[in-house]
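The next block holds one structure in the form of structure tokens; read it before the comments.
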Amino acid sequence: MTVLSPSQQTLLGQLRQICGQAHVLTHEDPASDLSAWEQDWRKRVKGLALAVVRPASTAQVAEVVMACAASGTPIVPQGGNTGLVVGGVPDGSGQQIVLSLGRMNAVRAIDPANLTITVEAGCVLQNLQAAAQSAGFLFPLSLGAEGSCTIGGNLGTNAGGTQVVRYGNTRDLCLGLEVVTAQGDIWHGLSGLRKDNTGYDLRNLMIGSEGTLGIITAATMKLYPQPAAQLTAWAAVPSMQAAVELLGLAHQHLGPGLTGFEVMGQFALGLVDKHHPQLRVPLWQGSPWCVLLENSDSESEQHARSQFETLLERALEAGCVSDAVVAENLSQAQALWHVRESITMAQAAEGLNIKHDISIPVSRIPAFVAETDALLAREVPGVRMVNFGHLGDGNLHYNVQAPVGMPGQAFLHDYEKQINRLVFDQVAQFDGSISAEHGVGELKVGQLPLYKDATALAMMRAIKTALDPHNLLNPGRVLGAN
Ligand code: FAD
Ligand code: MLT
Ligand code: ZN
């Protein structure tokens, strides 16, 4: 058990007064198990929290921040703890509190005429989607972790997911924010306005700041009409170049109906087949790549199906598709999406791995993959590529698994630096980004000075210092030691 200083004891007393005894969890209580908040999803880092604090309202968040600021205690905001870059867990010092937004999960309002929904930060994404659906609308943000990630975390990371090709990332879906600042002030920015040019864009600054600039307590998000029909197809393609050609045809034939375009490499699908044997993975054995396409149609299912058929005929003629299936009904479509969304779990089951969440201009992806695969195979013989992702957005999860027989821990220890360097140098050569949608967190902090424009980094540091001069909010994340 950690020995607490008198000022930490005083702080814990204050936090209990603010949030209630039951909502301040510490290691002092032997019955409390804090590992769900201290361990990151990928099991890369296990931190040690001074306390996990679970406020129930924005006013409580503000009071918690003021108490922590007065005692100089750092705060790590946390939603569903599904982040993939170690951004939402405490460090190992035992000095930081985790501010868990999970109890703040209410849907505050739906404005059908304005096409907006206002929710609290701890609202689980799936519940937000369901609330939109019950009101007759679509909230399009969708990702594999949607059953546990929260809208606060989605905004914190500016999450992407599988519908970005049509609706954009979380930033594009947000109209207003309520934020508690590092001083404990509340910014009431929950406007549902689509136009507001009254100065700097603080909303977009907060989104993607990974808890380093403010604590998001609520958000006003955009709603969309539900499509009349949604169809899913699965196509085997002979090469990455063919997948890019298929994307071009899909844009041409489906227009704004194209709401999903995911690419999956053969080895990635093989891992799903191996670790989730109950799932039926179609067409993967005979093809290096498969593509999952979604067509959301505002007319009818018949219209969507005939559009899809025309697209796939053209693609077969052009040789960019070798075989394809179109889901006959919703449950078949869900089964196809389930296979796609299971890759992350299957890869985790295979062992610790190196993830690269990169973006490259779509036109250059085939050359990037061919060159980088060859360089990696030369550098680490036997290395296995778990390559998949949101090709429609130019976003690849260009992940690297240890050679057969090499334990994951040893692989990371011996090769992570070298492999990151190789891949990120290639990304830079191809005018890409080293983080497309997962963020920087702690895992990529060391990379930012190598790959981000120095002037941009200096401006980011100036903003951090201005908004959080005592470096209390998620210190060490994104920018490293400030
Ligand atoms: P957390 O993990 O709790 O936190 C993430 C970051 O946001 C941390 O830096 C944290 O400090 C900060 N934060 C959390 N809440 C707040 C708040 N209220 N105010 C300010 N900062 C806050 N990501 C994608 O982009 N696309 C995908 O397709 C995708 N698929 C995934 C699939 C799986 C199986 C898993 C496990 C993860 C996936 N992710 C994906 C990553 C992850 O789900 C997203 O990053 C998600 O947005 C994190 O939400 P969370 O609530 O779990 O946030
Ligand atoms: C996904 O798209 O499934 C996640 O963002 C990717 C990952 O696990 O790298
Ligand atoms: Zn992704």
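Indexing begins at 1, ligand by ligand and atom by atom, following the structure's order. By convention here, the first residue in the shown sequence is residue 1. For clarity, every value in this text was computed on a predicted model and none was experimentally measured.
- The contact set between ligand 2 and N399, taken as ligand atoms under 4.0 Å from a residue heavy atom, comprises 9 (O).
- Of the N or O atoms in C149, none lie within a sub-3.5 Å distance of an N or O in ligand 1.
- Residue nearest to atom 32 (C) of ligand 1, selected from G83, C123, A145, A121: A145 (by heavy-atom distance).
- Between R340 and ligand 2, at least one pair of N/O atoms sits closer than 3.5 Å.
- Counting the atoms of ligand 2 from 1 in the order shown, those under 4.0 Å from a heavy atom of H390 are 2 (O).
- Look at H390 and you'll find a heavy atom under 4.0 Å from some atom of ligand 1.
- When heavy-atom distances to ligand 1 are checked against a 4.0 Å cut-off, E341 has no atom that comes that close, whether in backbone or side chain.
- Residue contacts with ligand 1, taken as heavy atom pairs separated by less than 4.0 Å, do not involve N169 at all.
- Using a non-hydrogen distance threshold of 4.0 Å, S209 does not register as a contact of ligand 1.
- Taking only non-hydrogen atoms, the option from G153, A218, G389, G80 nearest to atom 15 (N) of ligand 1 is G153.
- Using 4.0 Å as the threshold, R477 has no heavy atom nearer than that to any atom of ligand 1.
- Ion pairing between E294 and R340 fails under the 4.0 Å rule for side-chain N and carboxylate O.
- Ordered by chain and number, H390 NE2, H397 NE2, E437 OE2 make up the set of protein N, O or S atoms under 2.8 Å of the Zn ion (ligand 3).
- At a heavy-atom cutoff of 4.0 Å, ligand 1 is contacted by both the backbone and the side chain of I216.
- Set against the non-hydrogen atoms of H438, the atoms of ligand 2 under 4.0 Å away are 4 (C), 5 (O), 6 (C), 7 (C), 9 (O).
- Residue E437 places a heavy atom less than 4.0 Å from ligand 2.
- When only interatomic distances are considered, the shortest N/O to N/O separation between S148 and ligand 1 does not fall below 3.5 Å.
- One finds no salt bridge joining R421 and E379 here, because no Lys/Arg side-chain nitrogen approaches an Asp/Glu carboxylate oxygen to under 4.0 Å.
- Distances between N or O atoms of L84 and those of ligand 1 include no value under 3.5 Å.
- Considering backbone and side-chain N/O of W41, none are found under 3.5 Å from N/O of ligand 1.
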